Number of protein chains: 2
Amino acid sequence: MALDKIDRKILSLLQKDATMPVAEIGRKVGLSTTPCWRRIQKMEEDGVIQRRVAVLDPSKVNVGVTVFVSVKTNEHNEAWMRKFSGVIDEFPEVVEFYRMSGDVDYLMRVVVPDIHAYDTFYKRLISKINLTDVSSAFAMGQIKYTTALPLDFAIVVDDDK
Amino acid sequence: MALDKIDRKILSLLQKDATMPVAEIGRKVGLSTTPCWRRIQKMEEDGVIQRRVAVLDPSKVNVGVTVFVSVKTNEHNEAWMRKFSGVIDEFPEVVEFYRMSGDVDYLMRVVVPDIHAYDTFYKRLISKINLTDVSSAFAMGQIKYTTALPLDFAIVVDDDK
DNA sequence: ATGGTCGCGCAATTTTATTGCGCTGGATGG
DNA sequence: CCATCCAGCGCAATAAAATTGCGCGACCAT
């Protein structure tokens, strides 16, 4: 599952634009289309590339507001966590959800059209599951957002180039 | 820029899998390939669809750890914000960056291989810009992560269907 | 040196995207 | 009420891209 320099360059390109023809990717990484295509296939089979998706403009679909919701709980057990996860899965407004260390137990990112819609979301949420301590922080603006992961840490084999 | 039911269905599909052939999308939304294709084109022109990207598995590229970094500052002016943004742009580890209301001024999500790499990142960051108050919260696990935005809020025109 | 393997590139072949064109229903204005 | 217009659809042709089959040369371990 190790990646060499060419693989990483391919990934870097695909993370920016997944519509780029394989032939062009090949040209940019110094490879003909066939080997380039096979590398991409392999990375998809290996699960390095999970999927290809369309990224929408949040404002254009009326979810321009991001809220970070911190949750503290008394329930520190597997079963409760599963239930919580299940509930969250039902909410498409929750686009990210993390189990945290430290002060807060869970953190989620929620996208909504406005404050009022957040309130509606909030009420629906607490009606589905009992939460001890919830705290909401509103984002005034998104300065940076990327789906592209840094590739500088990826495991490499030989790669003297 | 309004979207009808079919548009939203198309977006929903493309948010999950952008490799799906237009013909198949058309079939699923009850349309032949041409009008379906044209709708997609229009949504790309309108910027509703921003781009299509490959989503990688964080663990597979060795950035399995997420850290949320909260920043408070004394510098509350446009110029400083621009500088900060510029600095952050240089760090591919920072995948999200928000200007916040309330307690914290800025919040960013950082992805790294491990705690040690985070420390390295942290040191590099504070060497680039002077930050008054920084607080790091480690995610123990990512329970949910999706690039798919909820479409239930999107503006609709007629759409009696 | 020799057999085996891996990764490459070329040249089909297949699949998908893209375009041109004509049809139809509903809305418009006289 | 009728003629006209326009938006959006589908079919069929064309162009572009993906996918596959095959042979070649480099490298490794015998």
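Worth saying up front: this structure is predicted, and the values here are computed from it rather than measured. Just so it is clear: chains get the letters A, B, ... in the order the sequence lines come, proteins before strands, and each one is counted from 1.
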* Residues two or more places apart in sequence or in another chain: which of them pass side chain to side chain donor-acceptor pair (under 3.5 Å) with B:R27? -> none
* Structure fact -> For B:S85, the side chain to side chain donor-acceptor pair (under 3.5 Å) test, sequence neighbours excluded, returns none
* What's in the same ILVMFWY side-chain cluster as A:I155, cut-off under 4.5 Å, chained through other members? ->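 Members other than A:I155 - counting any ILVMFWY side chain reachable under 4.5 Å - there are none.
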* Should A:K72 and A:D103 count as an ion pair when the cut-off is N to O under 4.0 Å? -> yes
* Structure fact -> Expected string for nucleotides 16-21 of chain C under the B/S/- scheme (protein heavy atoms, under 4.0 Å, primed atoms plus P, OP1, OP2 as sugar-phosphate) is SSBBBB
* Do any side-chain nitrogens or oxygens of A:R39 fall under 4.0 Å of OP1 or OP2 in C:dG7? ->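 Looking at the OP1 and OP2 atoms of C:dG7, neither is under 4.0 Å from any side-chain N or O of A:R39.
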Show me the donor-acceptor pairs, under 3.5 Å and distance only, between side chains in residues 111-121 of chain A and residues at least two apart or in other chains.
{"residue": "A:D114", "atom": "OD1", "partner": "A:H116", "partner atom": "N", "Å": "3.2"}
{"residue": "A:D114", "atom": "OD1", "partner": "A:A117", "partner atom": "N", "Å": "2.8"}
{"residue": "A:Y118", "atom": "OH", "partner": "A:S136", "partner atom": "OG", "Å": "2.6"}
{"residue": "A:D119", "atom": "OD2", "partner": "A:K123", "partner atom": "NZ", "Å": "3.4"}
{"residue": "A:T120", "atom": "OG1", "partner": "A:H116", "partner atom": "O", "Å": "3.2"}

In whole angstrom, what separates [X]'s [atom1] from [N]'s [atom2]?
| X | N | atom1 | atom2 | answer |
| --- | --- | --- | --- | --- |
| A:L14 | D:dA18 | CG | P | 10 Å |
| A:I10 | D:dA18 | CD1 | C1' | 15 Å |
| A:K42 | D:dT19 | NZ | C1' | 19 Å |
| B:L31 | D:dA7 | CG | P | 17 Å |
| B:R27 | D:dC9 | CZ | C1' | 18 Å |
| B:I6 | D:dG8 | CD1 | P | 11 Å |

Which pairs would a plain distance check flag for residues 52-59 of chain B, meaning a side-chain donor or acceptor within less than 3.5 Å of a matching protein atom at least two apart in sequence or in another chain?
{"residue": "B:R52", "atom": "NE", "partner": "B:E44", "partner atom": "OE2", "Å": "3.0"}
{"residue": "B:R52", "atom": "NH1", "partner": "B:A18", "partner atom": "O", "Å": "3.3"}
{"residue": "B:R52", "atom": "NH2", "partner": "B:E44", "partner atom": "OE2", "Å": "3.2"}
{"residue": "B:D57", "atom": "OD1", "partner": "B:S59", "partner atom": "N", "Å": "2.9"}
{"residue": "B:D57", "atom": "OD1", "partner": "B:K60", "partner atom": "N", "Å": "3.4"}

